[in-house]
Amino acid sequence: MSKISVLKFGGTSVKNIGRINHVVDIVSKQKNKCVVVVSAMGDTTDYLYDLAKRISATPNKREVDLLLSTGEQVSIALLTIALQERGIKAKSFTGAQIGIKTDNIHSCARIVDICKGSIRAALDEHDVIVVAGFQGQSDCGEITTLGRGGSDTSAVALAAAAGADECHIYTDVDGIFTTDPNKFPQAELLDTISYSETIELARAGAQVLHPRAAELARDFNIKLRVRNTFKPDNPGTLITGDSNVEKVCRVKGVALDSHQAYVSFIDIPWQFSFLTECETLFLRDNIIVDSVSQGKGSCENTRCVQLSLRYSDEAIFRTILDELKNQCGAKDVLIDLNVTRVSLVGAGIGNAPEIRSRAIATLNSARIEPRLYSSSESTISILIDEADSSRATQLLHDQFISLPEETECVAVTSPLTVGAHSSRQLAAASDSMRAGVS
Ligand code: ASP
Ligand code: MG
(Lines give C-alpha, C1' and ligand atoms only; values in the text may rest on other atoms or scores of the structure.)
(Ligands and ions follow the chains in the order given, each with its own letter.)
Protein backbone atom coordinates (compact mmCIF):
# COMPACT_ATOMS: atom_id res chain seq x y z
CA MET A 1 0.00 0.00 0.00
CA SER A 2 1.29 3.48 -0.83
CA LYS A 3 2.30 5.97 1.82
CA ILE A 4 -0.38 8.01 3.54
CA SER A 5 -0.32 11.60 4.84
CA VAL A 6 -2.92 13.13 7.10
CA LEU A 7 -3.55 16.86 6.62
CA LYS A 8 -5.87 18.73 8.94
CA PHE A 9 -7.23 22.19 8.16
CA GLY A 10 -8.80 24.35 10.87
CA GLY A 11 -11.81 26.67 10.57
CA THR A 12 -9.86 29.71 9.34
CA SER A 13 -8.26 27.62 6.58
CA VAL A 14 -11.67 26.74 5.11
CA LYS A 15 -13.44 29.96 6.04
CA ASN A 16 -14.72 30.71 2.52
CA ILE A 17 -14.62 29.35 -1.02
CA GLY A 18 -11.37 31.17 -1.83
CA ARG A 19 -9.67 29.48 1.12
CA ILE A 20 -11.17 26.10 0.25
CA ASN A 21 -9.58 26.46 -3.20
CA HIS A 22 -6.28 27.32 -1.53
CA VAL A 23 -6.55 24.08 0.48
CA VAL A 24 -7.06 22.25 -2.83
CA ASP A 25 -3.76 23.81 -4.03
CA ILE A 26 -1.95 22.35 -1.00
CA VAL A 27 -3.60 18.92 -1.29
CA SER A 28 -2.94 18.71 -5.03
CA LYS A 29 0.84 18.99 -4.39
CA GLN A 30 0.97 15.96 -2.08
CA LYS A 31 2.78 12.88 -3.33
CA ASN A 32 1.16 10.45 -0.89
CA LYS A 33 -2.44 9.36 -0.65
CA CYS A 34 -4.17 11.76 1.71
CA VAL A 35 -6.66 11.74 4.51
CA VAL A 36 -7.79 15.36 4.79
CA VAL A 37 -9.56 16.29 8.03
CA VAL A 38 -11.46 19.57 8.22
CA SER A 39 -13.13 21.77 10.81
CA ALA A 40 -16.30 23.76 10.30
CA MET A 41 -15.96 26.94 8.20
CA GLY A 42 -14.75 29.99 10.18
CA ASP A 43 -16.84 30.60 13.29
CA THR A 44 -19.65 28.24 12.26
CA THR A 45 -19.46 26.17 15.45
CA ASP A 46 -19.79 29.29 17.65
CA TYR A 47 -22.67 30.48 15.49
CA LEU A 48 -24.52 27.17 15.75
CA TYR A 49 -24.00 26.93 19.50
CA ASP A 50 -25.23 30.48 19.88
CA LEU A 51 -28.46 29.58 18.08
CA ALA A 52 -29.12 26.79 20.57
CA LYS A 53 -28.35 29.11 23.48
CA ARG A 54 -30.86 31.63 22.19
CA ILE A 55 -33.53 28.97 22.69
CA SER A 56 -32.31 27.41 25.93
CA ALA A 57 -29.72 28.31 28.59
CA THR A 58 -29.01 24.62 29.05
CA PRO A 59 -29.68 22.92 25.71
CA ASN A 60 -29.81 19.14 25.60
CA LYS A 61 -26.36 17.79 24.77
CA ARG A 62 -27.46 15.14 22.32
CA GLU A 63 -29.24 17.76 20.27
CA VAL A 64 -26.27 20.14 20.52
CA ASP A 65 -23.97 17.42 19.17
CA LEU A 66 -26.32 16.82 16.29
CA LEU A 67 -26.40 20.55 15.60
CA LEU A 68 -22.66 21.26 15.87
CA SER A 69 -21.63 18.26 13.80
CA THR A 70 -23.39 19.77 10.77
CA GLY A 71 -20.66 22.45 10.55
CA GLU A 72 -17.98 19.94 9.57
CA GLN A 73 -20.38 18.22 7.18
CA VAL A 74 -20.65 21.42 5.16
CA SER A 75 -16.84 21.72 4.93
CA ILE A 76 -16.20 18.15 3.80
CA ALA A 77 -18.77 18.34 1.04
CA LEU A 78 -17.56 21.71 -0.28
CA LEU A 79 -13.88 20.76 -0.13
CA THR A 80 -14.58 17.48 -1.91
CA ILE A 81 -16.55 19.22 -4.66
CA ALA A 82 -13.59 21.61 -5.07
CA LEU A 83 -11.08 18.71 -5.22
CA GLN A 84 -13.19 16.85 -7.78
CA GLU A 85 -13.47 20.03 -9.83
CA ARG A 86 -9.64 19.97 -10.15
CA GLY A 87 -9.75 16.37 -11.32
CA ILE A 88 -8.66 14.84 -8.01
CA LYS A 89 -10.24 11.50 -7.11
CA ALA A 90 -11.78 12.45 -3.77
CA LYS A 91 -14.71 11.45 -1.56
CA SER A 92 -16.06 12.86 1.67
CA PHE A 93 -17.03 11.00 4.85
CA THR A 94 -18.69 11.98 8.10
CA GLY A 95 -17.15 10.58 11.27
CA ALA A 96 -19.79 7.86 11.37
CA GLN A 97 -19.33 6.95 7.70
CA ILE A 98 -15.57 6.37 8.10
CA GLY A 99 -16.14 4.35 11.28
CA ILE A 100 -14.98 6.69 14.08
CA LYS A 101 -16.48 5.03 17.15
CA THR A 102 -16.72 6.99 20.38
CA ASP A 103 -18.08 6.53 23.87
CA ASN A 104 -21.47 8.08 24.51
CA ILE A 105 -20.47 11.19 26.48
CA HIS A 106 -22.08 13.95 24.42
CA SER A 107 -20.02 17.13 23.89
CA CYS A 108 -16.74 15.58 25.06
CA ALA A 109 -16.78 12.06 23.65
CA ARG A 110 -13.59 10.02 23.38
CA ILE A 111 -12.64 7.96 20.36
CA VAL A 112 -12.63 4.29 21.28
CA ASP A 113 -11.98 2.78 17.86
CA ILE A 114 -11.60 3.61 14.18
CA CYS A 115 -12.43 1.08 11.50
CA LYS A 116 -9.07 0.60 9.74
CA GLY A 117 -10.72 -1.47 7.00
CA SER A 118 -12.99 1.33 5.86
CA ILE A 119 -10.11 3.83 5.64
CA ARG A 120 -8.06 1.40 3.56
CA ALA A 121 -11.00 0.56 1.32
CA ALA A 122 -11.73 4.26 0.78
CA LEU A 123 -8.06 5.00 0.00
CA ASP A 124 -7.87 2.06 -2.42
CA GLU A 125 -10.53 3.72 -4.51
CA HIS A 126 -9.63 7.39 -4.01
CA ASP A 127 -6.47 9.47 -3.82
CA VAL A 128 -7.92 11.77 -1.21
CA ILE A 129 -10.55 11.10 1.41
CA VAL A 130 -12.00 14.09 3.24
CA VAL A 131 -13.19 13.35 6.77
CA ALA A 132 -15.25 15.52 9.11
CA GLY A 133 -13.24 16.31 12.23
CA PHE A 134 -14.64 16.69 15.74
CA GLN A 135 -17.31 14.01 15.41
CA GLY A 136 -17.97 10.32 15.75
CA GLN A 137 -20.70 7.86 16.52
CA SER A 138 -21.42 6.04 19.76
CA ASP A 139 -22.23 2.33 19.82
CA CYS A 140 -25.93 3.17 20.05
CA GLY A 141 -25.69 5.03 16.75
CA GLU A 142 -25.78 8.54 18.20
CA ILE A 143 -23.71 11.38 16.69
CA THR A 144 -21.18 12.63 19.24
CA THR A 145 -18.62 15.45 19.28
CA LEU A 146 -15.16 15.38 20.85
CA GLY A 147 -15.10 18.79 22.55
CA ARG A 148 -14.15 22.19 21.13
CA GLY A 149 -11.04 22.02 19.00
CA GLY A 150 -11.49 18.25 18.66
CA SER A 151 -10.71 18.05 14.94
CA ASP A 152 -7.00 17.86 15.83
CA THR A 153 -7.75 14.72 17.81
CA SER A 154 -9.74 13.28 14.87
CA ALA A 155 -6.73 13.90 12.61
CA VAL A 156 -4.20 12.21 14.89
CA ALA A 157 -6.53 9.26 15.56
CA LEU A 158 -7.03 8.81 11.81
CA ALA A 159 -3.25 9.02 11.30
CA ALA A 160 -2.78 6.24 13.85
CA ALA A 161 -5.54 4.09 12.34
CA ALA A 162 -4.35 4.61 8.76
CA GLY A 163 -0.71 3.93 9.63
CA ALA A 164 0.12 7.36 8.19
CA ASP A 165 3.71 8.50 7.84
CA GLU A 166 2.98 12.04 8.95
CA CYS A 167 0.24 14.26 10.27
CA HIS A 168 0.23 17.95 9.42
CA ILE A 169 -2.00 20.35 11.33
CA TYR A 170 -2.55 23.44 9.14
CA THR A 171 -3.63 26.57 10.98
CA ASP A 172 -3.52 30.37 10.67
CA VAL A 173 -0.22 30.95 12.48
CA ASP A 174 3.32 29.74 11.72
CA GLY A 175 3.38 26.93 14.27
CA ILE A 176 3.60 26.69 18.05
CA PHE A 177 4.86 29.84 19.76
CA THR A 178 6.26 30.61 23.19
CA THR A 179 3.03 32.50 23.90
CA ASP A 180 -0.03 33.65 21.94
CA PRO A 181 1.39 35.43 18.83
CA ASN A 182 -1.93 37.15 18.17
CA LYS A 183 -1.73 39.01 21.48
CA PHE A 184 1.97 39.25 22.31
CA PRO A 185 4.46 40.46 19.69
CA GLN A 186 7.40 39.02 21.65
CA ALA A 187 6.11 35.46 21.02
CA GLU A 188 8.80 33.31 19.39
CA LEU A 189 8.18 30.43 17.01
CA LEU A 190 9.41 27.07 18.33
CA ASP A 191 11.15 24.78 15.79
CA THR A 192 10.50 21.74 17.92
CA ILE A 193 8.65 20.92 21.11
CA SER A 194 8.07 17.65 22.92
CA TYR A 195 4.75 15.82 23.09
CA SER A 196 4.47 16.34 26.83
CA GLU A 197 5.23 20.06 26.63
CA THR A 198 2.59 20.40 23.92
CA ILE A 199 0.07 18.51 26.07
CA GLU A 200 0.81 20.76 29.06
CA LEU A 201 0.64 23.96 26.97
CA ALA A 202 -2.69 22.89 25.50
CA ARG A 203 -4.06 21.97 28.93
CA ALA A 204 -2.86 25.32 30.25
CA GLY A 205 -5.10 27.05 27.71
CA ALA A 206 -2.74 27.79 24.81
CA GLN A 207 -4.72 27.42 21.59
CA VAL A 208 -1.96 25.30 20.06
CA LEU A 209 -3.55 21.93 19.64
CA HIS A 210 -6.32 19.92 21.25
CA PRO A 211 -4.60 18.33 24.30
CA ARG A 212 -5.88 14.86 23.47
CA ALA A 213 -4.39 15.15 19.97
CA ALA A 214 -0.92 15.54 21.45
CA GLU A 215 -1.58 12.67 23.87
CA LEU A 216 -2.60 10.38 21.03
CA ALA A 217 0.39 11.47 18.93
CA ARG A 218 2.70 10.58 21.83
CA ASP A 219 0.99 7.24 22.47
CA PHE A 220 1.14 6.19 18.80
CA ASN A 221 4.42 7.95 18.03
CA ILE A 222 2.90 10.01 15.22
CA LYS A 223 5.18 12.65 13.70
CA LEU A 224 3.15 15.82 14.07
CA ARG A 225 3.84 19.16 12.43
CA VAL A 226 1.88 22.37 13.05
CA ARG A 227 2.17 24.73 10.09
CA ASN A 228 0.67 27.78 8.44
CA THR A 229 -1.90 27.21 5.67
CA PHE A 230 -0.95 30.55 4.17
CA LYS A 231 2.81 29.79 4.13
CA PRO A 232 2.63 26.10 3.22
CA ASP A 233 6.36 25.87 2.41
CA ASN A 234 7.44 26.92 5.91
CA PRO A 235 8.40 23.97 8.12
CA GLY A 236 6.33 25.11 11.13
CA THR A 237 6.84 23.35 14.47
CA LEU A 238 7.72 19.68 14.77
CA ILE A 239 6.32 17.86 17.80
CA THR A 240 8.55 14.98 18.76
CA GLY A 241 9.60 12.67 21.57
CA ASP A 242 10.36 14.09 24.98
CA SER A 243 13.60 15.93 25.61
CA ASN A 244 15.97 14.99 28.36
CA VAL A 245 14.37 16.54 31.41
CA GLU A 246 17.23 15.60 33.73
CA LYS A 247 19.81 18.08 32.46
CA VAL A 248 18.25 21.44 31.87
CA CYS A 249 14.79 22.61 32.58
CA ARG A 250 13.74 25.64 30.76
CA VAL A 251 10.44 27.43 30.37
CA LYS A 252 9.21 26.70 26.84
CA GLY A 253 5.98 28.67 26.85
CA VAL A 254 3.59 30.89 28.77
CA ALA A 255 -0.14 30.15 28.40
CA LEU A 256 -3.28 31.87 29.62
CA ASP A 257 -6.65 30.37 30.45
CA SER A 258 -9.46 32.80 31.21
CA HIS A 259 -12.16 30.15 31.64
CA GLN A 260 -11.23 29.95 35.28
CA ALA A 261 -13.34 30.57 38.32
CA TYR A 262 -12.70 30.84 42.02
CA VAL A 263 -15.71 29.77 44.05
CA SER A 264 -16.30 29.85 47.81
CA PHE A 265 -19.18 28.04 49.50
CA ILE A 266 -19.74 29.76 52.85
CA ASP A 267 -20.97 28.00 55.98
CA ILE A 268 -22.12 24.65 54.67
CA PRO A 269 -23.83 22.59 57.37
CA TRP A 270 -21.51 19.64 57.96
CA GLN A 271 -22.21 16.60 55.80
CA PHE A 272 -19.81 14.15 54.26
CA SER A 273 -21.23 14.01 50.77
CA PHE A 274 -20.66 17.63 49.65
CA LEU A 275 -17.55 17.02 47.55
CA THR A 276 -19.08 13.88 46.05
CA GLU A 277 -22.07 15.93 44.97
CA CYS A 278 -19.77 18.60 43.54
CA GLU A 279 -17.86 16.07 41.49
CA THR A 280 -21.06 14.41 40.22
CA LEU A 281 -22.61 17.69 39.10
CA PHE A 282 -19.34 18.98 37.61
CA LEU A 283 -19.16 15.89 35.41
CA ARG A 284 -22.37 17.08 33.75
CA ASP A 285 -20.62 19.95 32.00
CA ASN A 286 -17.01 18.92 31.89
CA ILE A 287 -16.10 21.29 34.73
CA ILE A 288 -12.57 20.58 35.87
CA VAL A 289 -11.59 21.09 39.50
CA ASP A 290 -8.01 22.35 39.85
CA SER A 291 -7.93 22.65 43.61
CA VAL A 292 -10.12 22.34 46.67
CA SER A 293 -9.50 23.59 50.17
CA GLN A 294 -11.70 23.54 53.22
CA GLY A 295 -11.76 25.54 56.41
CA LYS A 296 -13.98 26.01 59.43
CA GLY A 297 -17.19 28.00 58.95
CA SER A 298 -18.28 30.93 61.09
CA CYS A 299 -20.62 28.83 63.23
CA GLU A 300 -20.48 25.43 64.87
CA ASN A 301 -20.64 22.43 62.56
CA THR A 302 -20.23 24.39 59.36
CA ARG A 303 -17.38 24.66 56.91
CA CYS A 304 -16.27 26.81 54.01
CA VAL A 305 -15.07 25.20 50.81
CA GLN A 306 -12.98 26.99 48.18
CA LEU A 307 -12.60 25.61 44.71
CA SER A 308 -10.68 26.76 41.70
CA LEU A 309 -12.17 25.38 38.53
CA ARG A 310 -12.28 25.50 34.78
CA TYR A 311 -15.72 25.85 33.20
CA SER A 312 -16.80 25.97 29.59
CA ASP A 313 -20.27 27.57 29.54
CA GLU A 314 -20.92 30.33 32.08
CA ALA A 315 -24.73 29.95 32.21
CA ILE A 316 -24.56 26.19 32.74
CA PHE A 317 -21.79 26.65 35.32
CA ARG A 318 -23.88 29.14 37.32
CA THR A 319 -26.92 26.82 37.18
CA ILE A 320 -24.83 23.98 38.58
CA LEU A 321 -23.41 26.14 41.39
CA ASP A 322 -26.93 27.28 42.29
CA GLU A 323 -28.10 23.70 42.43
CA LEU A 324 -25.16 22.78 44.69
CA LYS A 325 -25.84 25.72 47.00
CA ASN A 326 -29.48 24.68 47.39
CA GLN A 327 -28.56 21.05 47.92
CA CYS A 328 -25.96 21.67 50.62
CA GLY A 329 -27.69 24.57 52.35
CA ALA A 330 -24.66 26.89 52.23
CA LYS A 331 -25.25 30.40 53.55
CA ASP A 332 -23.78 31.87 50.39
CA VAL A 333 -21.71 31.08 47.34
CA LEU A 334 -19.18 33.61 46.06
CA ILE A 335 -18.38 33.20 42.38
CA ASP A 336 -15.40 35.05 40.96
CA LEU A 337 -14.98 34.69 37.22
CA ASN A 338 -12.55 37.60 36.95
CA VAL A 339 -9.60 35.31 37.34
CA THR A 340 -7.16 33.91 34.83
CA ARG A 341 -4.61 31.17 35.11
CA VAL A 342 -1.19 31.96 33.75
CA SER A 343 1.01 28.91 33.32
CA LEU A 344 4.69 28.39 32.66
CA VAL A 345 5.36 25.16 30.78
CA GLY A 346 8.64 23.32 30.24
CA ALA A 347 9.80 19.75 30.83
CA GLY A 348 10.71 19.33 34.49
CA ILE A 349 10.18 22.95 35.59
CA GLY A 350 7.57 21.96 38.18
CA ASN A 351 10.36 20.28 40.11
CA ALA A 352 12.57 23.38 40.12
CA PRO A 353 11.52 25.54 43.08
CA GLU A 354 13.84 28.36 42.01
CA ILE A 355 11.80 28.85 38.83
CA ARG A 356 8.60 29.00 40.84
CA SER A 357 10.02 31.47 43.35
CA ARG A 358 11.40 33.67 40.55
CA ALA A 359 7.98 33.64 38.89
CA ILE A 360 6.21 34.69 42.08
CA ALA A 361 8.82 37.38 42.81
CA THR A 362 8.48 38.70 39.24
CA LEU A 363 4.72 39.07 39.66
CA ASN A 364 4.96 40.51 43.17
CA SER A 365 7.48 43.13 42.09
CA ALA A 366 4.89 44.34 39.56
CA ARG A 367 2.22 44.37 42.27
CA ILE A 368 0.47 41.31 40.91
CA GLU A 369 -0.76 39.11 43.72
CA PRO A 370 -1.16 35.41 42.97
CA ARG A 371 -4.48 34.14 44.29
CA LEU A 372 -3.35 30.55 44.15
CA TYR A 373 -0.51 28.64 42.61
CA SER A 374 0.34 25.04 41.99
CA SER A 375 2.91 23.02 40.16
CA SER A 376 3.13 19.63 38.54
CA GLU A 377 5.94 17.90 36.64
CA SER A 378 6.13 20.34 33.73
CA THR A 379 3.83 23.20 34.66
CA ILE A 380 3.70 26.04 37.15
CA SER A 381 0.20 27.55 37.22
CA ILE A 382 -0.67 30.82 38.92
CA LEU A 383 -4.20 32.13 39.35
CA ILE A 384 -4.33 35.92 39.11
CA ASP A 385 -6.88 38.68 38.57
CA GLU A 386 -8.01 38.75 34.95
CA ALA A 387 -7.09 42.44 34.69
CA ASP A 388 -3.41 41.54 35.26
CA SER A 389 -3.25 38.74 32.72
CA SER A 390 -1.53 40.56 29.82
CA ARG A 391 0.99 42.25 32.08
CA ALA A 392 1.75 38.96 33.85
CA THR A 393 2.28 37.12 30.57
CA GLN A 394 4.65 39.81 29.28
CA LEU A 395 6.64 39.90 32.52
CA LEU A 396 6.98 36.13 32.77
CA HIS A 397 7.82 35.82 29.07
CA ASP A 398 10.53 38.49 29.43
CA GLN A 399 11.88 36.89 32.56
CA PHE A 400 12.04 33.28 31.39
CA ILE A 401 12.04 33.27 27.57
CA SER A 402 13.14 36.55 26.03
CA LEU A 403 16.10 36.68 28.44
CA PRO A 404 16.94 32.99 28.41
CA GLU A 405 18.93 31.57 31.23
CA GLU A 406 19.41 27.86 31.70
CA THR A 407 18.43 26.66 35.11
CA GLU A 408 19.57 23.42 36.64
CA CYS A 409 16.76 21.32 38.03
CA VAL A 410 16.58 20.91 41.77
CA ALA A 411 14.05 18.19 42.36
CA VAL A 412 11.54 18.53 45.15
CA THR A 413 9.51 15.65 46.37
CA SER A 414 5.94 16.73 45.89
CA PRO A 415 3.87 19.18 43.85
CA LEU A 416 2.62 22.21 45.65
CA THR A 417 -0.64 24.09 45.86
CA VAL A 418 -1.19 27.36 47.66
CA GLY A 419 -4.32 29.43 47.40
CA ALA A 420 -7.12 31.39 49.01
CA HIS A 421 -9.51 34.25 48.50
CA SER A 422 -7.69 36.46 51.03
CA SER A 423 -4.93 36.19 53.59
CA ARG A 424 -7.56 35.46 56.24
CA GLN A 425 -8.82 32.56 54.18
CA LEU A 426 -5.24 31.53 53.45
CA ALA A 427 -4.76 31.22 57.18
CA ALA A 428 -8.02 29.28 57.47
CA ALA A 429 -6.92 26.99 54.66
CA SER A 430 -3.59 26.26 56.29
CA ASP A 431 -5.31 25.65 59.63
CA SER A 432 -7.55 23.13 58.01
CA MET A 433 -4.60 21.56 56.20
CA ARG A 434 -2.88 21.15 59.55
CA ALA A 435 -6.08 19.66 60.87
CA GLY A 436 -5.93 17.21 57.98
CA VAL A 437 -9.23 18.31 56.40
CA SER A 438 -7.84 19.47 53.06
N1 ASP B 1 -15.43 23.04 14.76
C2 ASP B 1 -15.08 22.62 16.09
C3 ASP B 1 -14.73 23.83 16.95
O4 ASP B 1 -14.81 24.96 16.48
C5 ASP B 1 -13.99 21.62 16.12
C6 ASP B 1 -12.66 22.10 15.61
O7 ASP B 1 -12.56 23.11 14.94
O8 ASP B 1 -11.66 21.43 15.89
O9 ASP B 1 -14.42 23.66 18.09
MG1 MG C 1 -12.29 34.05 34.05
Side-chain angles (χ1 to χ4, degrees), residues 6-16 19-20 23 35-53 59 61-79 92-96 98 100 102 105-111 114 130-137 143-159 167-173 176 182 198-199 201-203 205-217 222 224-229 239 257-259 285-286 310-314 316:
V6 174
L7 279 63
K8 182 256 165 178
F9 294 90
T12 47
S13 307
V14 292
K15 191 175 168 187
N16 53 38
R19 293 205 176 166
I20 287 178
V23 168
V35 178
V36 177
V37 179
V38 282
S39 293
M41 295 169 79
D43 296 330
T44 302
T45 310
D46 289 333
Y47 167 73
L48 293 170
Y49 188 61
D50 202 52
L51 289 181
K53 293 292 301 233
K61 291 195 167 184
R62 175 193 181 271
E63 306 308 325
V64 170
D65 273 358
L66 213 55
L67 175 69
L68 298 192
S69 64
T70 61
E72 272 69 15
Q73 203 168 319
V74 172
S75 315
I76 55 168
L78 290 177
L79 176 59
S92 67
F93 295 84
T94 64
I98 203 71
I100 298 181
T102 71
I105 315 285
H106 285 290
S107 87
C108 55
R110 282 184 168 261
I111 298 174
I114 297 187
V130 182
V131 180
F134 176 55
Q135 57 176 263
Q137 190 177 36
I143 303 283
T144 52
T145 65
L146 310 181
R148 297 304 304 271
S151 296
D152 294 336
T153 299
S154 311
V156 178
L158 283 160
C167 181
H168 300 261
I169 307 285
Y170 285 89
T171 178
D172 55 357
V173 291
I176 298 181
N182 293 319
T198 309
I199 294 166
L201 268 181
R203 283 196 191 133
Q207 306 287 316
V208 288
L209 202 67
H210 200 231
R212 276 155 47 206
E215 279 169 22
L216 267 181
I222 307 278
L224 205 58
R225 214 174 251 290
V226 178
R227 56 205 313 176
N228 193 334
T229 310
I239 305 172
D257 183 1
S258 63
H259 269 253
D285 198 47
N286 204 19
R310 180 176 209 288
Y311 62 93
S312 42
D313 183 297
E314 186 181 328
I316 297 175

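Just follow the structure's listing: the first ligand is 1, and inside any ligand the first atom is 1. Counting from 1, the numbers follow the sequence of the chain as shown. Reckoned from all heavy atoms, side chains included, excluding hydrogens, waters and symmetry mates.
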### Task
Would you confirm whether Q135, through its side chain, and T145, through its main-chain N or O, come within 3.5 Å as a donor-acceptor pair?
no
### Query
How many angstroms lie between atom CE of M41 and atom NZ of K15, to the nearest 0.5 angstrom?
10.5 Å
### Test item, G133 contacting ligand 1 (heavy atom, 4.0 angstrom)
no
### Message
Check contact between E72 and ligand 1, using heavy atoms of the residue and a distance below 4.0 angstrom.
### Response
yes
### Message
Suppose we measure from atom 7 (O) of ligand 1 to each protein heavy atom; which comes out shortest, and what is that distance?
### Response
S39 OG, 2.9 Å
### Summary
A student checking ligand 1 against R148 at a 4.0 Å heavy-atom cut-off should list atoms 3 (C), 4 (O), 9 (O)
### Task
With heavy atoms of F134 as the reference, note each atom of ligand 1 found under 4.0 Å away.
2 (C), 5 (C)
### Message
For Y311 and H259, take the angle between the two ring planes, folded into 0 to 90°, and tell me which bin it lands in: parallel under 30, tilted 30 to 60, perpendicular over 60.
### Response
tilted
### Query
Would you say G149 contacts ligand 1, with heavy atoms under 4.0 Å as the rule?
yes
### Query
Hey, is ligand 1 close enough to K8 that some N/O pair sits below 3.5 Å?
no
### Message
Can you tell whether the side chains of K53 and E314 come within less than 4.0 Å, N to carboxylate O?
### Response
no
### Message
Let me confirm one number: the CG-CG distance from L158 to L7, rounded to the nearest 0.5 Å.
### Response
12.5 Å
### Query
Just distances here: any N/O of G147 and N/O of ligand 1 closer than 3.5 Å?
no
### Query
Do V208 and V226 touch side chain to side chain, with heavy atoms closer than 4.5 Å?
no
### Query
Any Lys/Arg nitrogen of D46 or R148 sitting under 4.0 Å from an Asp/Glu carboxylate oxygen of the other?
yes
### Task
Identify, for atom 6 (C) of ligand 1, the protein heavy atom at the shortest distance, and state residue, atom and that distance.
S151 OG, 3.3 Å
